[in-house]
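Single-structure report; data block below.
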Amino acid sequence: QVQLAESGGGSAQSGGSLTLSCAVSGVLGTYMAWFRQAPGKEREGVAGITGTGSRSDYADSVKGRFSISRDNGKNTLSLQMNNLKPEDTATYYCATAPSLLSDIGESWRESRQYWYWGQGTQVTVSS
C-alpha cells in the first residue's frame, strides 16, 4: 500500500523560507513531484525529481527559489522554498508516479501522470 504524508507547511513572510517534507511508504525509486493548488485555481506542478535524483524539473515560477531533493535511504522527498512570495500561497501536495517509472520526462507537469498523492499541507505567505 502506497502512502505519502506531507509536513512542514505553515505561514511565512514574503521573502522568507519554508521546507516541506513528504514521508513515502510502499514505493521506491519512482519519479516524484510537488504540486500546489490555490483556491479557485487548477493544480499545478511545482517541481519534480527522477527516481535516482539525477535530474530535477521546475516550473518557471519557482526556478531559482525552490529546490527539490530526495533521500532514497529514508524514502523522503523535500521541497526547500526560499524567497517566498504571496502568490506561493496554496495547498502543497507530494505525488508519485506508478511503480517502476523513475522518469516521466516533460509530462511531469501533468497531474494525471501520478497515481498516489498525499493529503496536502497549507503554505501561506503574507506580504
Let me see the working for Arg36 and Ser61 under side-chain contact (heavy atoms from CB on, under 4.5 Å), right down to the final yes or no. CA-CA 12 Å; Arg36 67 185 180 188; Ser61 59; 3.5 Å; yes
Heavy-atom distance under 4.5 Å between the side chains of Thr89 and Gln122, does that happen here? yes
Salt bridge flag under 4.0 Å for residues Asp88 and Lys85: no
Quick one: does any side-chain atom of Arg70 pair with a main-chain N or O of Gly53 as donor and acceptor, under 3.5 Å? no
When you measure from the centre of the six-membered ring of Trp117, is the NZ or CZ of Arg43 under 6.0 Å away and within 45° of the axis? yes
Nearest 0.5 Å, please: how far is CG in Asp103 from OG1 in Thr50? 6.0 Å
Out of curiosity, Leu28 CG to Leu100 CG, how far, rounded to the nearest 0.5 Å? 10.5 Å
Rounded to the nearest 0.5 Å, the CD atom of Gln80 sits from the OG atom of Ser21 at a distance of 9.5 Å
Side chains of Asn82 and Ser17: closer than 4.5 Å at any heavy-atom pair? yes
How close do Gly45 and Ala59 get, counting heavy atoms only, and between which atoms? O-CB, 3.4 Å
One should read off an interatomic distance between Asp57 CG and Ile104 CD1, to the nearest 0.5 angstrom, of 8.5 Å
Using modelled atom types and a 3.5 Å cut-off, is there a donor and acceptor pairing between side-chain atoms of Glu6 and backbone atoms of Cys22? no
Can you name the closest pair of heavy atoms from Ser14 and Ser127 and give their distance? CB-CA, 4.0 Å
Checking the side chain of Asn72 only, and the main-chain atoms of Gly51 only, is there a donor and an acceptor separated by less than 3.5 Å? yes
Please test Gln113 against Trp108 for side-chain contact (heavy atoms from CB on, under 4.5 Å), starting from the C-alpha separation and ending with a verdict. CA-CA 7 Å; Gln113 300 295 335; Trp108 76 270; over 6 Å; no
Shortest non-hydrogen contact from Tyr114 to Ala33? OH-CB, 3.4 Å
Are side-chain heavy atoms of Phe35 and Glu42 found at a separation under 4.5 Å? no
Please go through Tyr116's hydrophobic cluster and name the other residues, only I, L, V, M, F, W, Y counting, with side-chain heavy atoms under 4.5 Å joining them. Val2, Leu4, Leu18, Leu20, Val24, Val27, Met32, Trp34, Val46, Ile49, Tyr58, Val62, Phe66, Ile68, Leu77, Leu79, Met81, Leu84, Tyr92, Trp115, Val123, Val125
